[in-house]
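Structure record follows, encoded as structure tokens.
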Amino acid sequence: MGTTKIIELEEGWGIIQNEITKMINTLEGVPDSPDYGSIYSTVYTLCQQKPPHYEAESEGVYTRYEGVYNDYLTSKVLPAIQEKNDDVSMLQEFVKRWANHKVMVSKLCRYFNYMDRYFVLRMKLPCLKDVGFGCFRKIVYEKMKMKARNTVIALINQEREGTEIDKTLVKDVLEVFVEIGNEKLDYYVNDFETAF
């Protein structure tokens, strides 16, 4: 009968962070091959250890999970959107980064699933998907929503005056306003429709 090796949070998180960095590299267009199985097995090992380890380790993993998004969105995503020189390029980057973020949340939720099913449920914390989307909303969306809204409204007005616009881009930006609310239309209504 085997026993599960106890690993400390710092050691385990080092393994997880290394693989998440590879995933982020891939999202940034740098070819890399993350070992997602390594993430899952390390999360599982950290979060299923016997008391008193499992709660402290799980809490540490949960906090660092949120930190991954905060760091990535602050250091890479928001600057990439803000550095665009024209409004259309800014909208394109905004839409692209939201699409990449949804992929990142989907993958990380899958590989942190054990923690979501047990620790998060038991502690009545926001699920991992909500944490991931909440970070984007707080760091990127809140800073860019007015500029995105005003640019979309200007594009729609240009179209009304007979200028050809990228309708797919407008549709994609509006989808961000809808999806950011995680199936509720509050953000779309309050942040776009009311002003429109």
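Owing to the predicted nature of the structure, the values given are computational and were not obtained by experimental measurement.
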Does D166 form a side chain to side chain contact (heavy atoms under 4.5 Å, CB included) with L155? I'd like the steps, not just the answer. CA-CA 8 Å; D166 185 346; L155 288 172; over 6 Å; no
What's the shortest heavy-atom distance between V173 and A148, and which atoms? CG1-CB, 4.4 Å
Would E164 and Q158 count as a side chain to side chain contact (heavy atoms under 4.5 Å, CB included) here? Give the steps. CA-CA 8 Å; E164 188 69 29; Q158 286 176 15; over 6 Å; no
Heavy-atom count check: over 12 atoms from other residues, nucleotides or ligands less than 6.0 Å from K76 NZ? no
Indicate, with yes or no, if Y62 and L121 share a hydrophobic cluster defined by side-chain heavy-atom contacts under 4.5 Å among Ile, Leu, Val, Met, Phe, Trp and Tyr. no
Would you say T21 and N18 are linked by a side-chain donor-acceptor pair, where the criterion is simply a distance under 3.5 Å? no
What is the minimum heavy-atom distance between E57 and L9, and which atoms define it? OE1-CB, 2.7 Å
NZ/K107 to OG1/T26 distance, rounded to the nearest 0.5 angstrom? 8.0 Å
Validation row, ring centre Y65 to ring centre F112 under 6.0 Å: yes
Just checking D86: does its CG atom have more than 12 heavy atoms from other residues, nucleotides or ligands closer to it than 6.0 angstrom? yes
Find out whether K22 and S33 are in side-chain contact, i.e. whether some heavy atom of one side chain is under 4.5 Å from a heavy atom of the other. no
Given side chains that start at C-beta, do those of K143 and I81 come closer than 4.5 Å, heavy atoms only? no
If you take all heavy atoms of S38 and I15, which pair is closest and at what distance? OG-CG2, 3.3 Å
Taking the side chain as C-beta and beyond, is there a heavy-atom pair between D87 and K147 under 4.5 Å? yes
For the atom pair OG1 (T42) and CD1 (I16), what is the distance rounded to the nearest 0.5 Å? 5.5 Å
Taking atom NZ of K138 as the centre, report whether more than 12 heavy atoms of other residues, nucleotides or ligands fall under 6.0 Å from it. yes
Rounding to 0.5 Å, atoms OH (Y141) and CG (L73) come to a distance of 15.0 Å
Heavy-atom neighbours of K102 NZ exceed 12 at 6.0 Å: yes
Inter-residue atom distance N113.CG - R117.CZ, 0.5 Å rounding: 4.5 Å
Over all heavy atoms of both residues, which pair between V170 and I165 is shortest? Give the atoms and the distance, please. CG2-CD1, 4.0 Å
Which atom pair, heavy atoms only, marks the closest approach of K129 to V105? CA-CG1, 3.9 Å
Which is it for Y44 and M115 under the side chain to side chain contact (heavy atoms under 4.5 Å, CB included) test, yes or no, and what are the steps along the way? CA-CA 7 Å; Y44 176 82; M115 189 175 70; over 6 Å; no
Counting N and O atoms only, with roles assigned by atom type, does the side chain of R137 sit under 3.5 Å from a partner on the main chain of E142, one being a donor and the other an acceptor? no
Establish, yes or no, whether a centroid distance under 6.0 Å links the rings of F133 and W98. yes
Test side chain to side chain contact (heavy atoms under 4.5 Å, CB included) applied to E59 and F119, step by step: CA-CA 8 Å; E59 187 177 331; F119 175 74; 3.9 Å; yes
OG/S58 to CG/L125 distance, rounded to the nearest 0.5 angstrom? 10.5 Å
Show the nearest heavy-atom pair for residues I20 and W13, with the distance to one decimal. CD1-CH2, 4.2 Å
Should V103 and V178 be counted in the same cluster of Ile, Leu, Val, Met, Phe, Trp and Tyr side chains packed under 4.5 Å apart? yes
Is it true that V176 and M146 fall in one hydrophobic cluster, defined by side-chain heavy atoms closer than 4.5 Å? no
Is there side-chain contact between E19 and M23, with heavy atoms separated by less than 4.5 Å? no
Identify whether the distance between the nearest side-chain nitrogen and carboxylate oxygen of R64 and E10 falls below 4.0 Å. yes
Within a strict 4.5 Å, meaning less than it, do heavy atoms of the V88 and L169 side chains meet? yes
About how many Å separate OG1 of T45 and CD of E11, when rounded to the nearest 0.5 Å? 10.0 Å
Parallel, tilted or perpendicular for Y36 and Y111, by the 30°/60° rule? parallel
Just to verify, what does E93 make a salt bridge (Lys or Arg N to Asp or Glu O under 4.0 Å) with, not counting sequence neighbours? K84, K96, R97
Checking E28 against Y72 for the side-chain hydrogen bond (donor to acceptor under 3.5 Å, both in side chains) test, could you report, in this order, the C-alpha distance in whole Å, the side-chain angles of both residues, the deciding distance, and whether it holds? CA-CA 11 Å; E28 291 293 311; Y72 176 59; 2.7 Å; yes
Do E159 and T163 pass the side-chain hydrogen bond (donor to acceptor under 3.5 Å, both in side chains) test, and can you show the C-alpha distance, the side-chain angles, and the key distance before you say yes or no? CA-CA 5 Å; E159 184 190 36; T163 304; over 6 Å; no
May I ask you to check whether H101 and Y69 place their ring centers less than 6.0 Å from one another? yes
